[in-house]
Amino acid sequence: MASAITVSICGASYAALNPQQLTSRAQVVADQATCRTVDTAIVGYLMNNGTAPTSIRQLKDYVRGDISKYRIVGGVATGPGCPAKP
(Lines give C-alpha, C1' and ligand atoms only; values in the text may rest on other atoms or scores of the structure.)
Protein backbone atom coordinates (compact mmCIF):
# COMPACT_ATOMS: atom_id res chain seq x y z
CA MET A 1 0.00 0.00 0.00
CA ALA A 2 2.80 2.37 0.90
CA SER A 3 4.59 1.77 -2.40
CA ALA A 4 1.40 2.45 -4.37
CA ILE A 5 0.96 5.76 -2.59
CA THR A 6 4.62 6.66 -3.14
CA VAL A 7 4.42 5.90 -6.85
CA SER A 8 1.22 7.91 -7.13
CA ILE A 9 2.79 10.92 -5.41
CA CYS A 10 5.88 10.67 -7.60
CA GLY A 11 3.76 10.57 -10.74
CA ALA A 12 1.73 13.58 -9.69
CA SER A 13 4.90 15.48 -8.79
CA TYR A 14 6.46 14.71 -12.16
CA ALA A 15 3.32 15.87 -13.94
CA ALA A 16 3.30 19.08 -11.94
CA LEU A 17 6.93 19.76 -12.79
CA ASN A 18 6.62 18.93 -16.51
CA PRO A 19 3.15 20.03 -17.71
CA GLN A 20 4.40 21.15 -21.15
CA GLN A 21 5.48 17.64 -22.11
CA LEU A 22 2.24 16.12 -20.86
CA THR A 23 0.15 18.66 -22.75
CA SER A 24 2.01 18.09 -26.03
CA ARG A 25 1.81 14.29 -25.65
CA ALA A 26 -1.92 14.48 -24.90
CA GLN A 27 -2.48 16.66 -27.97
CA VAL A 28 -0.64 14.19 -30.23
CA VAL A 29 -2.80 11.33 -28.95
CA ALA A 30 -5.98 13.40 -29.28
CA ASP A 31 -5.12 14.31 -32.87
CA GLN A 32 -4.87 10.67 -33.91
CA ALA A 33 -8.18 9.36 -35.16
CA THR A 34 -8.82 5.62 -35.23
CA CYS A 35 -10.67 3.40 -37.65
CA ARG A 36 -13.50 3.12 -35.13
CA THR A 37 -13.68 6.92 -34.89
CA VAL A 38 -14.09 7.17 -38.66
CA ASP A 39 -16.71 4.40 -38.73
CA THR A 40 -18.65 6.22 -36.00
CA ALA A 41 -18.45 9.43 -38.02
CA ILE A 42 -19.81 7.58 -41.05
CA VAL A 43 -22.81 6.43 -39.00
CA GLY A 44 -23.33 9.95 -37.64
CA TYR A 45 -23.20 11.40 -41.15
CA LEU A 46 -25.69 8.80 -42.37
CA MET A 47 -28.08 9.53 -39.50
CA ASN A 48 -27.93 13.30 -40.06
CA ASN A 49 -28.10 13.32 -43.86
CA GLY A 50 -30.01 10.17 -44.81
CA THR A 51 -27.25 9.12 -47.22
CA ALA A 52 -23.86 7.54 -46.68
CA PRO A 53 -20.80 9.73 -47.22
CA THR A 54 -18.78 9.06 -50.34
CA SER A 55 -15.67 11.02 -49.37
CA ILE A 56 -13.65 11.26 -46.19
CA ARG A 57 -13.82 15.06 -46.58
CA GLN A 58 -17.52 14.91 -45.81
CA LEU A 59 -16.68 13.69 -42.29
CA LYS A 60 -14.45 16.60 -41.23
CA ASP A 61 -17.22 18.11 -39.06
CA TYR A 62 -17.84 14.77 -37.34
CA VAL A 63 -14.27 13.97 -36.26
CA ARG A 64 -11.62 15.73 -34.25
CA GLY A 65 -8.17 14.86 -35.49
CA ASP A 66 -6.47 13.88 -38.69
CA ILE A 67 -8.44 11.42 -40.83
CA SER A 68 -6.57 12.07 -44.08
CA LYS A 69 -5.08 8.54 -44.06
CA TYR A 70 -8.53 6.95 -44.24
CA ARG A 71 -10.89 6.24 -47.13
CA ILE A 72 -14.47 5.08 -47.36
CA VAL A 73 -14.84 1.76 -49.15
CA GLY A 74 -18.15 -0.07 -49.20
CA GLY A 75 -19.58 2.28 -46.59
CA VAL A 76 -16.88 1.61 -43.97
CA ALA A 77 -13.51 3.12 -43.11
CA THR A 78 -10.34 1.74 -44.64
CA GLY A 79 -6.93 2.79 -43.40
CA PRO A 80 -4.51 2.42 -40.48
CA GLY A 81 -5.82 0.06 -37.80
CA CYS A 82 -8.85 -1.05 -39.79
CA PRO A 83 -9.48 -4.78 -40.16
CA ALA A 84 -8.65 -6.20 -43.58
CA LYS A 85 -11.63 -6.54 -45.88
CA PRO A 86 -12.14 -9.96 -47.52
Side-chain angles (χ1 to χ4, degrees):
M1 182 69 124
S3 63
I5 293 171
T6 303
V7 169
S8 177
I9 291 170
C10 290
S13 298
Y14 179 76
L17 295 174
N18 199 356
Q20 182 72 18
Q21 183 180 9
L22 289 175
T23 302
S24 64
R25 187 179 314 152
Q27 187 62 45
V28 167
V29 171
D31 288 343
Q32 295 174 351
T34 64
C35 190
R36 181 172 292 187
T37 302
V38 178
D39 278 336
T40 302
I42 290 170
V43 172
Y45 183 93
L46 177 63
M47 297 296 288
N48 285 336
N49 297 291
T51 60
T54 56
S55 168
I56 207 74
R57 289 183 303 237
Q58 292 172 295
L59 302 178
K60 68 179 180 171
D61 294 334
Y62 293 83
V63 178
R64 248 190 237 170
D66 182 18
I67 59 172
S68 62
K69 295 177 183 169
Y70 294 92
R71 296 179 300 129
I72 299 172
V73 177
V76 296
T78 301
C82 296
K85 308 292 186 267

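The basis for the numbers below is simple: all heavy atoms, side chains too, and nothing from hydrogens, waters or symmetry mates.
- Residue pairs satisfying the side-chain hydrogen bond (donor to acceptor under 3.5 Å, both in side chains) criterion with at least one member in residues 38-47, sequence neighbours excluded, are listed as follows: Tyr45-Gln58.
- Checking Ser68 against Asp66 by side-chain atom types alone, a donor-acceptor pair falls below 3.5 Å.
- Residues Pro53 and Ile72 are in side-chain contact: their nearest non-hydrogen atoms beyond the backbone lie under 4.5 Å apart.
- Judged by distance alone, with hydrogens and angles left aside, the side-chain atoms of Tyr70 form no donor-acceptor pair with the main-chain N or O of Ile56 at under 3.5 Å.
- The shortest heavy-atom contact between Val38 and Ala77 is CG1-CB, 3.5 Å.
- The minimum heavy-atom distance between Thr37 and Val63, with the atom names listed, is CG2-CG1, 3.7 Å.
- Evaluation of the side-chain hydrogen bond (donor to acceptor under 3.5 Å, both in side chains) rule for Asn48 yields Tyr62 as partners, not counting sequence neighbours.
- Note that NZ of Lys69 and OG1 of Thr78 are 15.5 Å apart. Values are rounded to the nearest 0.5 Å.
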